[in-house]
There are 2 protein chains.
Amino acid sequence: MIRALLVDDHQLFGEGVRSMFKPNDGIEIVKITTNGNNVPSILSELEVDMILMDISMPLIDGVGVLELMKSKGLDVPVLMLTMHQDMKYIRKTLETGAQGYILKDASKAELTEAIVKVSRRENYFHPKINNQIFDYFRGNKNPSEGDLVDQISDREKEIIACIGKGMNSKAIAEALFISEHTVKTHRRNIMHKLAVKNTAELVTYSMEKGII
Amino acid sequence: MIRALLVDDHQLFGEGVRSMFKPNDGIEIVKITTNGNNVPSILSELEVDMILMDISMPLIDGVGVLELMKSKGLDVPVLMLTMHQDMKYIRKTLETGAQGYILKDASKAELTEAIVKVSRRENYFHPKINNQIFDYFRGNKNPSEGDLVDQISDREKEIIACIGKGMNSKAIAEALFISEHTVKTHRRNIMHKLAVKNTAELVTYSMEKGII
DNA sequence: TTCACGATACCACTTTAGGGGTATGCGCTC
DNA sequence: GAGCGCATACCCCTAAAGTGGTATCGTGAA
């Protein structure tokens, strides 16, 4: 029997998954929590073989919980359970040490397989995102092909956020206490880094990639 | 026993909810479909007391299914089940005739209550969105306060999509086989309707509201 | 210690967006 | 059938974005 902890802010989903597993499935959701911050204390109280965790949660997100666990030396395999197919999330979770990644539109059979594999510390990637994983590792060998997003500095992200709010270069300059020239230079650098043609595409790209 | 049909593209969620209800709960998910287009044929085969439906689905969305049902004269009460707390979705579903609206982070007790009420053709609104509903009806008396989004015509949405892709007015004109002047007029109208200052804000707003 | 990078700043220039009008034809509704 | 919204199209003009440079300073890595 695999003892699993479920971390998901959607109560319905959590209770649903719990009742989905019958005793002879070999999987039991021993605890559900909607607050990732509780994970360390739960792990100290309960014996848990693996953690099923949603990525996007209000108080602390999946990646945050992974980091929290790592900082406390808690080493329980984690299967990320999410709707997001974006490389941004997949990448972050894998980098932070998740054992697997499965989409919420998976079937019960797929989830079962994923839970079993992850509890054995094997990797599981949902078929739909397997190709993206390969692309990611390929991209890693060619840094030029790597994700454009993390070439953006914090200051540049500030600029992007202002642009998204509809501020023009002058307004941004005043808000950040810098010259309008500097803002324009930043804009240019950002556009080159993200390989976009104009502000509109810059905003679209930034929102899709979660910069904004 | 309330016989419910569940329409959700997330298999896991669907199977989870199904197994959540035990015989003595008085609720049975008699069928799960991931494709809303199948709803009419399912209703002709099975006796169903109410429909639990996700709003955002790939092939046909919840509102689309409601419209499809209405066009075929199918009158089964529908409880919308979703993560979206946006007024945009709530409003559309209510306007199209949904009986209730519940968030996916509800508890089993709340879902049960909602299903029972909806099956009796009573309304159910998740507590979290009740206030928004009131605001909506208040807003209805003041049409100026209404949602800006649905003042946007289909053509204008096309223009917005092109802008988001980084196309300039000339490129959009060529793509849509219209004059650049027309595109500029559209842009102006859109910006006025959405009350935004420039393209960047237009893109941000449109993405947040789901126009793009 | 040199070298790369980020943040800052400036100049000059072209292109595009944005705002002011006005207008016409089409389909729908009251 | 008058009015309304929508898509279409054109005019003029200003403000802003976007493109080409160059340059200084500080910090942290090789």
Side-chain angles (χ1 to χ4, degrees), chain A residues 142-144 146-207 209 211-212, chain B residues 67 71 95 140 143-207 209 211-212:
Chain A
N142 278 24
S144 63
D147 210 333
L148 302 169
V149 171
D150 37 43
Q151 292 175 15
I152 301 295
S153 72
D154 288 341
R155 190 57 158 177
E156 284 165 349
K157 284 178 189 169
E158 277 189 86
I159 305 279
I160 294 174
C162 290
I163 294 171
K165 283 178 196 151
M167 295 163 74
N168 63 22
S169 298
K170 193 183 167 197
I172 297 171
E174 283 162 8
L176 301 183
F177 305 107
I178 54 178
S179 146
E180 193 179 335
H181 296 290
T182 309
V183 176
K184 285 198 144 201
T185 307
H186 278 306
R187 294 181 80 129
R188 247 189 306 179
N189 293 337
I190 293 165
M191 289 201 293
H192 283 142
K193 284 186 183 178
L194 299 184
V196 293
K197 291 186 293 300
N198 53 32
T199 303
E201 199 182 355
L202 165 67
V203 173
T204 306
Y205 187 90
S206 301
M207 290 198 80
K209 295 291 178 178
I211 302 177
I212 301 185
Chain B
E67 279 164 356
S71 74
E95 281 175 352
N140 236 12
S144 62
E145 301 259 331
D147 208 333
L148 302 169
V149 171
D150 37 43
Q151 292 175 14
I152 301 296
S153 72
D154 289 342
R155 191 54 157 179
E156 285 165 347
K157 284 178 189 169
E158 277 187 86
I159 305 277
I160 294 175
C162 290
I163 293 172
K165 284 178 196 152
M167 295 163 74
N168 62 22
S169 299
K170 193 183 168 196
I172 298 171
E174 283 164 6
L176 301 183
F177 305 108
I178 54 178
S179 148
E180 193 180 336
H181 296 290
T182 308
V183 176
K184 286 197 146 201
T185 307
H186 279 305
R187 294 182 80 131
R188 250 189 304 175
N189 293 337
I190 292 165
M191 290 202 293
H192 282 140
K193 284 186 183 177
L194 299 185
V196 294
K197 290 186 293 298
N198 54 32
T199 304
E201 200 182 353
L202 165 66
V203 173
T204 306
Y205 186 90
S206 300
M207 290 196 80
K209 295 291 179 178
I211 302 177
I212 301 186

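So you know, we letter chains A, B, ... as the sequences are listed, proteins then strands, and number each from 1. Source: prediction; values computed, not measured.
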(message) Using modelled atom types and a 3.5 Å cut-off, is there a donor and acceptor pairing between side-chain atoms of B:Asp154 and backbone atoms of B:Lys157?
(response) no

(message) Return the OG1 to CG distance between A:Thr204 and A:Asn198, rounded to the nearest 0.5 Å.
(response) 8.5 Å

(message) Rounded to whole Å, please give me the gap between CD in B:Glu201 and P in D:dA17.
(response) 13 Å

(request) Specify the separation, in whole Å, of atom NZ of B:Lys157 and atom P of D:dA7. (result) 11 Å

(message) Does any part of the side chain of B:Thr199, heavy atoms only, come nearer than 4.5 Å to the side chain of A:Thr199, both counted from C-beta?
(response) no

(message) Please give me the minimum heavy-atom distance between B:Ile163 and A:Ala200, naming the atom from each residue.
(response) O-CB, 3.1 Å

(message) So if I take the C1' atoms of five pairs at each end of the helix from C:dT1-D:dA30 to C:dC30-D:dG1 and get each local axis, what angle do the two axes make, rounded to 10 degrees?
(response) 50°

(message) Between P on D:dA16 and CD on A:Glu174, what's the gap in Å once rounded to a whole number?
(response) 11 Å

(request) Please check if the side chain of A:Glu156 supplies one atom and the backbone of A:Ile152 the other of a donor-acceptor pair under 3.5 Å. (result) no

Run the side-chain donor-acceptor check on residues 166-184 of chain A: report pairs under 3.5 Å with partners two or more places apart or on a different chain.
residue, atom, partner, partner atom, Å
A:Asn168, OD1, A:Lys170, N, 3.2
A:Asn168, OD1, A:Ala171, N, 2.9
A:Ser169, OG, A:Arg187, NH1, 3.1
A:Ser179, OG, A:His181, N, 2.8

(request) Treat primed atoms plus P, OP1 and OP2 as sugar-phosphate and everything else as base, then score nucleotides 7-23 of chain C 5' to 3': B for base contact with protein heavy atoms under 4.0 Å, S for sugar-phosphate contact only, - for none. (result) SBBB-----SBBBBB--

(message) Nearest 0.5 angstrom please: A:Arg155 CZ to A:Ile190 CD1, how far?
(response) 10.5 Å

